[in-house]
Asks: 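Before anything else, here's the structure in question.
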Amino acid sequence: MAKIESAFFDLSYLDTLATGKTVIHRLDPRIKVLTAALFVICVVSFDKYVIAAMLPFALFLITIMGLGGIPAIYVMKKLALASPFAIMIGIFNPLLDQQIILHLGSMAVSGGWISFLSIVLRFCLTVTAMLVLIATTGFNSVCMALEKLGMPKIFAVQLLMLYRYIFVLIAEGQRMYRARAIRSFQKRRMDMKTFTHLVGQLLLRTIDRGQRIHQAMLCRGFDGTIRTRQTLRFTLRDLLVFCVCGILLIGMRRYNIANLLGQLFMEILS
Amino acid sequence: MHMADALLSPAVGGTMWAATAGTIAFCAKKVQQDLDDRKIPLMGVLGAFIFAAQMINFTIPATGSSGHLGGGMILAILLGPYAAFLTIASVLTVQALFFADGGLLALGCNIFNLGIFPCFIAYPLIYNPIVGKNPTPMRLAIGATLAGIIGLQLGALGVVTETVLSGISELPLTAFLAAMLPIHLGIGLVEGLVTTAVVSFVWKARPEILEYAAASRPLGNLSMKKVLVALGAAAIVTGGALSWFASSFPDGLEWSMAKTSGKEELEAPEAGIHHALSGIQGKTAFLPGYGFKKNDTEPAAAEESAPSWPAVDIGTSTSGLVGGSLTLILAVVIGFLFRKRSQVK
Amino acid sequence: MSHHIVEVQDLTHTYPDGSAAVRGISFRIHHGESVAVVGANGAGKSTLLLHLNGYLTPQGGTVRIGDFPLTKATVRDIRKTVGMIFQDPDDQLFMPTVYDDVAFGPLNLGLPSEEIEIRVQQALVRTNTEHLRERPPYKLSGGEKRAVAIATVLAMSPDILVMDEPSSNLDPRARRSLIELLAGFHHTKIIATHDLDMVLDLCERTIVLHRGEVKADGPTVEIFNNAQLLMECRLEKPLSMQGCPVCGTSTSRV
């Protein structure tokens with residue numbers, strides 16, 4: 001049950017963040033989607049033993065998070081919650097790849113550990129990028145942007161409706177779940193039979209709701225096509241921001257900024 | 001079993017993205033042609049239903065552990081494959097965006113693994129032939145359970161293949177398969193049983209819903225031959241493309257991204273990665289399962305790669321470490337500054 | 001179209017499972033009238049309403065809205081004339097924002113964009129929901145949802161408003177503002193409800209349904225004073241017409 005509540009919390013929390021009015025929020029959603037995509041592609045295209053060169057990407061994200069007013073604590077919590085799969089798969093790397101490729105003083109580090117760290121870093125960067133995208137843009141705008149970028153309209157509508165009714169159905173599921181819980185006393189966990197009845201019942205209600213929504217749509221002249229107003233406007237500023245972000249990302253991908261920084265630092269020292 | 005961005009290479013991710021986007025476009029067209037506008041709101045609410053239902057856990061009999069519904073098969077049965085595919089895709093998209101399940105690039109893989117297999121293989125090739133036009137409780141149970149198992153087995157196979165082909169993880173194909181398939185046999189069995197139970201529940205309570213679904217699904221009369229031919233073609237194309245990428249030169253995996261997606265900004269990594277990769281060619285395993293990587297004990301390979309790979313060269317690796325630390329410090333400072341600023345406000 | 005008559009003649013409807021929900025209902029409602037349809041659960045209210053917006057077409061008898069008899073061919077015109085407000089506003093607000101929802105109908109009518117803008121604005125002003133314009137529907141309170149649901153219908157400029165339990169699930173204050181809002185409309189109104197106190201406030205005429213038939217049709221006050229009739233139809237006198245439990249006098253407006 002904690003799950004359903006935390007899902008509800010996540011959805012409404014990210015939704016609230018998305019109503020912000022910062023510089024990042026005001027950008028056209030299309031450039032945010034494209035920049036996020038470019039970001040992810042740049043990060044995953046690094047070789048598997050790369051760590052240092054990826055760090056500037058974290059810098060980029062942190063800057064955007066700061067400008068967009070996204071609380072770091074929340075993002076970290078989400079990262080921790082979502083990490084098991086990547087870590088579980090990644091943890092085999094140190095076992096399977098034991099070739100030493102780096103000496104830190106007297107300590108020898110195997111390729112496996114490096115690539116494992118690299119996986120963890122990739123994970124943090126890509127997941128954060130997505131959270132930042134949704135938290136500064138909002139789901140509706142992301143859908144609108146995707147539609148503008150070529151996603152089929154019917155799929156966009158589907159996404160919007162799904163999102164609209166998640167809130168209704170989570171609340172409904174929650175009520176049914178509670179009704180069961182208060183009558184089951186010590187028996188905290190649900191057996192499959194109860195589960196089936198609960199979920200089956202919820203499914204029937206959902207189908208009825210679908211029917212009523214259809215009626216409501218028909219009443220207002222629905223004929224199979226959903227029409228929405230077009231509100232996205234691409235300004236020169238958006239274009240400029242996109243170019244800067246693009247150049248930054250590609251620059252960070254091409255040149256090992258961290259390395260250059262280190263060299264510079266050591267030159268100054270020596 | 002959501003695939004994650006962190007384990008994907010751009011080539012694999014991009015190929016799966018392209019395949020998924022193509023399928024979405026195709027299904028969108030089919031649903032639009034279907035002219036049953038009742039489905040549009042129904043898809044939306046059923047997607048939300050799957051979402052809510054997945055949050056409710058139940059105890060798996062005889063194990064004591066808990067499971068939850070996947071829902072792909074239920075959607076396919078209620079909506080038919082095209083609409084169900086779009087619905088699954090939208091559920092996964094929302095999960096990716098809000099719950100960090102998977103990622104932007106991995107979304108292609110996840111939709112493929114959890115959508116295509118149940119909708120276009122398990123449903124038309126297993127569920128439909130078994131259950132047929134006049135379902136009996138027995139047929140329904142066998143059909144839904146088998147379809148659930150096979151759908152998830154294929155999904156797990158997808159995850160394994162994508163991970164191994166990407167080469168970020170070192171897991172060898174066989175070991176990974178040996179771990180994933182049995183686990184998903186169990187999960188698939190449970191999924192099949194739950195699907196059976198829920199569908200039977202609906203069938204008993206309101207038979208007309210299933211009748212309506214059966215009558216309106218356009219794929220009901222799609223021949224198995226057609227599906228097999230299409231799948232075969234898709235498999236050959238995808239497989240061919242992937243193996244070409246993998247077997248050409250090592251960085252083929254990298255810059256093929258630009259080709260598959262056709263976006264010029266993706267070409268950027270080419271030069272940098274080419275340089276970085278050429279040195280470690282010998283020890284990097286793009287396809288660990290294919291035995292490229294046999295030189296774990298050959299110091300020569302490491303030495304050979306030393307000059308051209310920054311991290312191995314002592315000098316550069318030190319500056320990498322220093323630079324990395326500096327970057328981290330900078331990150332903390334920036335974060336701190338922003339925090340200050342927001343507190344002042 | 002100056003007289004938007006709603007005329008129902010011998011309407012019958014039997015559901016596929018064999019239950020006759022409506023058996024031979026007839027009535028006639030004139031322009032500007034405000035009529036309540038009351039009755040116990042299962043009396044046939046919902047089935048009747050589904051006919052008024054053309055979701056169901058008559059199996060027996062006729063339904064005429066304005067100049068058109070309800071048939072498959074006229075259904076689109078009838079839906080423009082009759083605005084339907086559903087019991088659960090969540091079913092009616094399916095778009096991502098309040099604005100999109102209110103604009104949904106006008107967009108489907110194929111109006112030019114300036115006209116759409118005007119209509120949306122007017123509908124929002126009319127229902128005092130202008131400030132909610134860009135909000136997503138799931139973030140609204142029950143009363144706000146109801147008001148926006150009404151706005152979505154007003155934006156279609158209907159002549160007749162049909163409402164299913166408009167006051168259900170509202171807190172007392174929200175219910176009061178809803179009643180005031182509805183009282184201000186000059187549309188022909190048909191309200192199906194269990195809230196008989198609201199009926200007293202809004203409708204001069206009441207139709208009582210019982211087991212799919214019209215049991216009574218007349219001035220509201222007269223019907224609510226007929227204790228025998230109310231009991232037979234599983235109804236009760238509105239609270240405001242019953243004796244006050246504290247001072248013992250009735251506050252009824254008879």
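For the numbers below, each heavy atom of this structure counts, side chains included, while hydrogens, waters and symmetry mates do not.
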Asks: Given heavy-atom pairs under 4.5 angstrom as the criterion, report whether the side chain, backbone, both or neither of Ile134(A) touches chain B.
Replies: side chain
Asks: Quick one: are Ile168(B) and Arg122(A) in side-chain contact, heavy atoms under 4.5 Å?
Replies: yes
Asks: At their closest point, which heavy atom of Ala28(B) faces which heavy atom of Ile154(A), and how far apart are they?
Replies: CB-CG2, 3.3 Å
Asks: Any idea which of Thr126(A), Asn93(A), Ile166(A) has the most non-hydrogen atom pairs under 4.5 angstrom with chain B?
Replies: Asn93(A)
Asks: If I compare all heavy atoms of Ala4(B) with all of Ala86(A), which pair ends up nearest, and what's the gap?
Replies: CB-CB, 4.4 Å
Asks: Given heavy-atom pairs under 4.5 angstrom as the criterion, report whether the side chain, backbone, both or neither of Val142(A) touches chain B.
Replies: side chain
Asks: Below 4.5 Å from any heavy atom of chain B, which atoms of Gln215(A) appear? Answer side chain, backbone, both or neither.
Replies: neither
Asks: With a 4.5 angstrom heavy-atom cut-off, which part of Phe123(A) approaches chain B: side chain, backbone, both or neither?
Replies: both
Asks: First locate atom CG of Asp37(B), then atom CZ of Phe222(A), and finally report the distance between them rounded to the nearest 0.5 Å.
Replies: 4.5 Å
Asks: Most heavy-atom pairs under 4.5 angstrom with chain B, which of Thr63(A), Val157(A), Ile213(A)?
Replies: Thr63(A)
Asks: Check whether Ala89(B) gets within reach of chain A through its side chain, its backbone, both or neither, counting any heavy atom under 4.5 Å.
Replies: both
Asks: Chain A heavy atoms under 4.5 Å from Val91(B): which part of the residue, side chain, backbone, both or neither?
Replies: both
Asks: Go through the atoms of Ser200(B) and report whether side chain, backbone, both or neither lie under 4.5 Å from a heavy atom of chain A.
Replies: neither
Asks: Does the side chain to side chain contact (heavy atoms under 4.5 Å, CB included) test come out yes or no for Glu170(B) and Lys48(A), once each step is laid out?
Replies: CA-CA 10 Å; Glu170(B) 295 279 349; Lys48(A) 70 174 175 181; 2.7 Å; yes
Asks: Heavy-atom distances under 4.5 Å only: say whether Leu198(A) touches chain B with side chain, backbone, both or neither.
Replies: side chain
Asks: Working to the nearest 0.5 Å, report the span between CD1 of Ile41(A) and CG of Leu8(B).
Replies: 11.5 Å
Asks: Mind checking the CG-CD1 spacing from Leu202(A) to Ile56(B)? Nearest 0.5 Å is all I need.
Replies: 6.0 Å
Asks: In Å, rounded to the nearest 0.5 Å, how long is the span from CD1 of Ile89(A) to CZ of Phe176(B)?
Replies: 3.5 Å
Asks: On a heavy-atom basis, which atom in Ala6(B) and which in Ile119(A) lie closest, and how many Å separate them?
Replies: CB-O, 3.4 Å
Asks: Distance check, rounded to the nearest 0.5 Å: Thr206(A) atom OG1 versus Ile50(B) atom CD1?
Replies: 9.0 Å
Asks: Under a 4.5 Å heavy-atom cut-off, does chain A meet the side chain of Ile40(B), its backbone, both or neither?
Replies: both
Asks: Measure the acute angle between the ring planes of Phe98(B) and Tyr163(A), then classify it against the limits of 30° and 60° as parallel, tilted or perpendicular.
Replies: parallel
Asks: Can you name the closest pair of heavy atoms from Pro152(A) and Ile24(B) and give their distance?
Replies: CG-CG2, 4.0 Å
Asks: Taking side-chain contact (heavy atoms from CB on, under 4.5 Å) as the criterion, tell me which of Leu96(A), Ile91(A), Leu95(A) meets it with Leu171(B).
Replies: Leu96(A)
Asks: Of the backbone (N, CA, C, O) and the side chain (C-beta and beyond), which part of Leu193(B) lies under 4.5 Å from a heavy atom of chain A, both, or neither?
Replies: both
Asks: Tell me, side chain or backbone of Val199(A) under 4.5 Å from chain B's heavy atoms, or both, or neither?
Replies: both
Asks: Between CZ of Phe49(B) and CZ of Arg205(A), what distance do you get to the nearest 0.5 Å?
Replies: 11.5 Å
Asks: What part of Ala135(A) lies closer than 4.5 angstrom to a heavy atom of chain B: side chain, backbone, both or neither?
Replies: neither
Asks: Answer yes or no: does atom CZ of Phe201(B) have more than 12 heavy-atom neighbours from other residues, nucleotides or ligands under 6.0 Å?
Replies: yes
Asks: Applying side chain to side chain contact (heavy atoms under 4.5 Å, CB included) to Leu169(A) and Phe51(B), what does each step give before you reach the verdict?
Replies: CA-CA 8 Å; Leu169(A) 284 177; Phe51(B) 211 93; over 6 Å; no
Asks: Leu203(A), Leu204(A), Leu264(A), Ile62(A): which one forms the most heavy-atom pairs within less than 4.5 Å of chain B?
Replies: Leu203(A)
Asks: Looking at Ala82(A) and Phe99(B), what are the two nearest heavy atoms and their distance?
Replies: CB-O, 4.3 Å
Asks: Do Phe195(A) and Leu69(B) have side-chain heavy atoms sitting under 4.5 Å apart?
Replies: yes
Asks: Kindly determine whether Met161(A) and Val45(B) satisfy side chain to side chain contact (heavy atoms under 4.5 Å, CB included), including the steps that lead there.
Replies: CA-CA 7 Å; Met161(A) 283 220 159; Val45(B) 287; over 6 Å; no
Asks: Show your working on side chain to side chain contact (heavy atoms under 4.5 Å, CB included) between Arg206(B) and Asp208(A) and close with a plain yes or no.
Replies: CA-CA 11 Å; Arg206(B) 304 259 295 276; Asp208(A) 287 341; 2.6 Å; yes
Asks: If every non-hydrogen atom of Asp5(B) is compared with every non-hydrogen atom of Val44(A), which pair is closest and at what distance?
Replies: O-CG1, 3.4 Å
